[in-house]
S.K.: 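Supplied in structure tokens, the structure appears directly below.
Proteins come first, then strands; the chains are lettered A, B, ... in the order of their sequence lines, and each starts at number 1. Reckoned from all heavy atoms, side chains included, excluding hydrogens, waters and symmetry mates.
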Protein chains: 2
Amino acid sequence: MNLEERKEILKFPKATFERLKLYHALLTQLALEEKREYVLSEEIAEMLRITPEQVRKDFSYLRSTGKPKLGYKISELLDELDELFGTKETENIIIIGAGHLGKALANYKGFKNIGARVAAIFDNDPQKIGTMVGELMVLPLKDIPRVMRRFRVRIAAICVPESAAQEVADMLVGYGIKAIWNFSSRILDVPNDVIVRNEDITRGLLGIKHMLAQKDAEASKEVEAR
Amino acid sequence: MNLEERKEILKFPKATFERLKLYHALLTQLALEEKREYVLSEEIAEMLRITPEQVRKDFSYLRSTGKPKLGYKISELLDELDELFGTKETENIIIIGAGHLGKALANYKGFKNIGARVAAIFDNDPQKIGTMVGELMVLPLKDIPRVMRRFRVRIAAICVPESAAQEVADMLVGYGIKAIWNFSSRILDVPNDVIVRNEDITRGLLGIKHMLAQKDAEASKEVEAR
DNA sequence: TAGATTGTTAATCGATTAACAATC
DNA sequence: TAGATTGTTAATCGATTAACAATC
């Protein structure tokens, strides 16, 4: 990726960038499953539960353009999004913790679609070290610096219990990690120049509960109104 | 939860609601680990990488108030957030798919903190049916309607491969599910009155890659400027 | 009391929606 | 051509930030 492209990435509104990832997933699906060539903003909007205006506005930040009555060429959009997301280059990541979650992540096939690859998985449990997770052997934590150097690892996924998460984070920071993908529910305390992305799953469930409560409230209101 | 409380939930800005979940996690941590009684907006802000003004603004939507110089009483905030999130009532959820991800979810201990409980886990693989995942036995898909009725299940987590996700979603919709917590990367096509929350994990990784690219770009710029 | 911190109101910023011209 | 759809500009809406008074 050259400098110009790097700069270009910066210009998107944050909200648009979030949706671009959704468009990427949906378009991939349409291309593979339905062998579609073109898609209308209206169709995309319906699948993603947003408005067609939103879709067109988002696409207006891209170089790709649609044709009235025909829509957007899926392959063109996908090529541009792939380039934007750096799907071609491979970012090596490591996983700390070989529990169910770590294993699930290590076995995840979708990483290559976004230009990522799991370089190694680590655990401190002697019972797990040496066992296979897909094509990877579980390594002891002491091997982390070696693997990080060898594969130029910048991103680490923390999949250890909440009680060990901060400790692991401290260790990774000491090894010079650039970004932490945090799957524990622990809010980590790390230096500000280290990127942290919290993926604590229960947060999503709270969102669903909230939406269900909203619907219940609306339903009650309607009954009340009679 | 009575009607008044239900209505109250609705009044928060969406962005504030998202952050309330983070506050909940952080405050729980402070209360348990550090036995702290009070916390300043400044401290919360630093841990969550937002501004103290943002924290105070968010808290202004709550009934709890802070004291100048002393800060906010952690237990008071937690009580209010627990009430808000309905942590006391239990929402039964089911998990479809007993692969690594399904198992990770079924074993997750944090559900009770947000008023949720895994009622059952299902798979269609005869090899998996009957095996234990924590305290739950893996059940065949045909048992889904029975379990849904018995435990008044409204939320289902889809943890099956992408290729099976839509099919499973269709089935769940047929059984009257109210919300789908989608862990596959498939964009699901379901009726609009069914809530869908996509938890596709690679999206988070794209966000990290994007932030790293931004930092690289900034670094290049600085070099260039010399 | 003086200084630090909360809480609220006003100003700014950013994102979405509406309106509509351009175009296939 | 007429009608449908894109793409852009302007208007609205919502969220964040700034300013500052209130208060411990």
Side-chain angles (χ1 to χ4, degrees), chain A residues 8-23 26-27 30 36-78 80-81 192 203 207 210-211 214, chain B residues 8-23 26-27 30 36-78 80-81 192 203 207 210-211 214:
Chain A
E8 230 168 66
I9 284 184
L10 310 180
K11 83 186 172 192
F12 296 96
K14 250 180 69 183
T16 292
F17 184 78
E18 288 300 311
R19 282 188 299 270
L20 287 180
K21 300 185 240 171
L22 281 172
Y23 300 142
L26 178 61
L27 292 168
L30 288 175
R36 294 270 305 270
E37 211 178 336
Y38 286 88
V39 65
L40 302 175
S41 60
E42 176 72 39
E43 298 172 289
I44 294 175
E46 210 214 317
M47 290 291 283
L48 299 179
R49 300 180 176 193
I50 54 181
T51 64
E53 292 81 6
Q54 181 74 268
V55 175
R56 295 202 296 274
K57 180 81 183 179
D58 286 338
F59 286 178
S60 75
Y61 294 102
L62 302 175
R63 291 190 306 273
S64 309
T65 56
K67 286 197 179 65
K69 314 251 321 190
L70 196 58
Y72 299 83
K73 192 166 190 186
I74 293 174
S75 60
E76 193 183 331
L77 281 172
L78 275 176
E80 188 171 358
L81 290 174
N192 271 317
R203 287 224 309 283
H210 182 235
M211 284 188 275
Q214 271 184 319
Chain B
E8 230 168 65
I9 285 184
L10 309 181
K11 83 184 170 192
F12 296 98
K14 249 180 71 185
T16 293
F17 184 77
E18 288 301 311
R19 281 189 299 271
L20 287 180
K21 300 185 242 170
L22 282 171
Y23 300 141
L26 178 61
L27 293 168
L30 289 175
R36 294 271 302 272
E37 211 179 335
Y38 286 88
V39 66
L40 302 175
S41 61
E42 176 72 40
E43 297 173 290
I44 294 176
E46 210 214 315
M47 291 290 285
L48 300 179
R49 300 180 176 194
I50 54 180
T51 65
E53 292 82 5
Q54 181 74 269
V55 174
R56 295 201 297 275
K57 181 80 181 178
D58 286 339
F59 286 178
S60 75
Y61 295 102
L62 303 175
R63 292 189 306 274
S64 309
T65 56
K67 285 196 181 67
K69 314 252 317 191
L70 197 58
Y72 298 85
K73 192 166 189 185
I74 293 175
S75 60
E76 192 184 331
L77 281 171
L78 275 176
E80 188 171 358
L81 289 173
N192 270 319
R203 287 224 308 283
H210 182 236
M211 284 187 274
Q214 271 185 319

S.K.: Can you tell me the distance, in whole Å, between the CD atom of A/Glu53 and the C1' atom of D/dT8?
M.R.: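 Whole-Å distance recorded here is 13 Å.
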S.K.: Report yes if at least one side-chain N or O of A/Thr51 is closer than 4.0 Å to OP1 or OP2 of C/dT17; otherwise report no.
M.R.: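 It does, given that an N or O in the side chain of A/Thr51 lies less than 4.0 Å from OP1 or OP2 of C/dT17.
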S.K.: Where do B/Arg56 and B/Tyr72 come nearest, in terms of heavy atoms and distance?
M.R.: CG-OH, 3.5 Å
S.K.: Return the nucleotide paired to D/dT9: Watson-Crick means purine N1 to pyrimidine N3 with N6-O4 or O6-N4, wobble means G-U with N1-O2 and O6-N3, both under 3.5 Å.
M.R.: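 C/dA18 - that is the nucleotide pairing with D/dT9, both distances being under 3.5 Å.
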S.K.: Atom NZ of A/Lys67 to atom P of D/dG3: distance rounded to whole Å?
M.R.: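 The answer, rounded to whole Å, is 24 Å.
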S.K.: Round to a whole Å and report the spacing from CG of B/Leu40 to C1' of C/dT6.
M.R.: 10 Å
S.K.: Rounded to the nearest 0.5 Å, how far apart are CG of B/Leu26 and CD1 of B/Ile74?
M.R.: 8.0 Å
S.K.: Does B/Gln54 place a side-chain N or O at less than 4.0 Å from the phosphate oxygens OP1/OP2 of D/dT17?
M.R.: yes
S.K.: Can you measure A/Lys73 atom NZ to D/dG7 atom P for me and round it to whole angstrom units?
M.R.: 15 Å
S.K.: For B/Asp58 and for A/Phe59, locate the closest nucleotide of DNA chain D by heavy-atom distance; then report the residue assigned to the nucleotide nearer the 5' terminus.
M.R.: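 Going by which nucleotide is closer to the 5' end, it is A/Phe59.
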S.K.: What's the closest nucleotide to the side chain of A/Lys69 if the choices are D/dT23, D/dG3, D/dA15?
M.R.: D/dG3
S.K.: Is any side-chain N or O of A/Tyr38 closer than 4.0 Å to OP1 or OP2 of D/dT5?
M.R.: no
S.K.: Expressed in angstrom and rounded to an integer, what is the separation of A/Leu62 atom CG from D/dG7 atom P?
M.R.: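 Spelled out: CG on A/Leu62 to P on D/dG7 is 10 Å.
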S.K.: Between P on D/dT16 and CZ on B/Arg49, what's the gap in Å once rounded to a whole number?
M.R.: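 B/Arg49 atom CZ is separated from D/dT16 atom P by 18 Å.
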S.K.: Using a heavy-atom cut-off of under 4.0 Å over every strand shown, decide if A/Ser41 touches base, sugar-phosphate, or nothing.
M.R.: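 Result for A/Ser41 = sugar-phosphate.
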S.K.: If C/dC24 has a Watson-Crick or G-U wobble mate with both distances under 3.5 Å, name it; if not, just say none.
M.R.: D/dG3
S.K.: Describe the nucleic acid contact of B/Leu70 in one word from base, sugar-phosphate, nothing, applying a heavy-atom distance below 4.0 Å.
M.R.: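 Nothing, no nucleic acid heavy atom in range.
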S.K.: Nearest 0.5 angstrom please: B/Ile44 CD1 to B/Thr51 OG1, how far?
M.R.: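 The CD1 atom of B/Ile44 sits 12.0 Å away from the OG1 atom of B/Thr51.
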S.K.: Are A/His210 and B/Lys21 packed together at the side-chain level, in the sense that at least one heavy-atom pair is separated by less than 4.5 angstrom?
M.R.: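 A side-chain contact is absent here, since even the closest heavy-atom pair is not under 4.5 Å.
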S.K.: Whole angstroms only, please: what is the CG-C1' distance between A/Leu77 and D/dT6?
M.R.: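 These atoms are roughly 13 Å apart.
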S.K.: Report the distance from atom CZ of A/Phe12 to atom P of C/dA15, rounded to the nearest whole Å.
M.R.: 13 Å
S.K.: Looking at CG of B/Leu27 and CD of B/Glu76, how far apart are the two atoms once the value is rounded to the nearest 0.5 Å?
M.R.: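 That separation rounds to 11.5 Å.
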S.K.: When all nucleic acid strands are considered with a 4.0 Å heavy-atom cut-off, which category describes B/Lys57: base, sugar-phosphate, or nothing?
M.R.: base
S.K.: Determine: side-chain N/O of B/Tyr72 to OP1/OP2 of C/dG7, distance under 4.0 Å, yes or no.
M.R.: yes
S.K.: Is B/Arg56 close enough to C/dG7 that one of its side-chain N or O atoms is under 4.0 Å from OP1 or OP2 there?
M.R.: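 So the side-chain polar atoms of B/Arg56 never come under 4.0 Å of the phosphate oxygens OP1 or OP2 of C/dG7.
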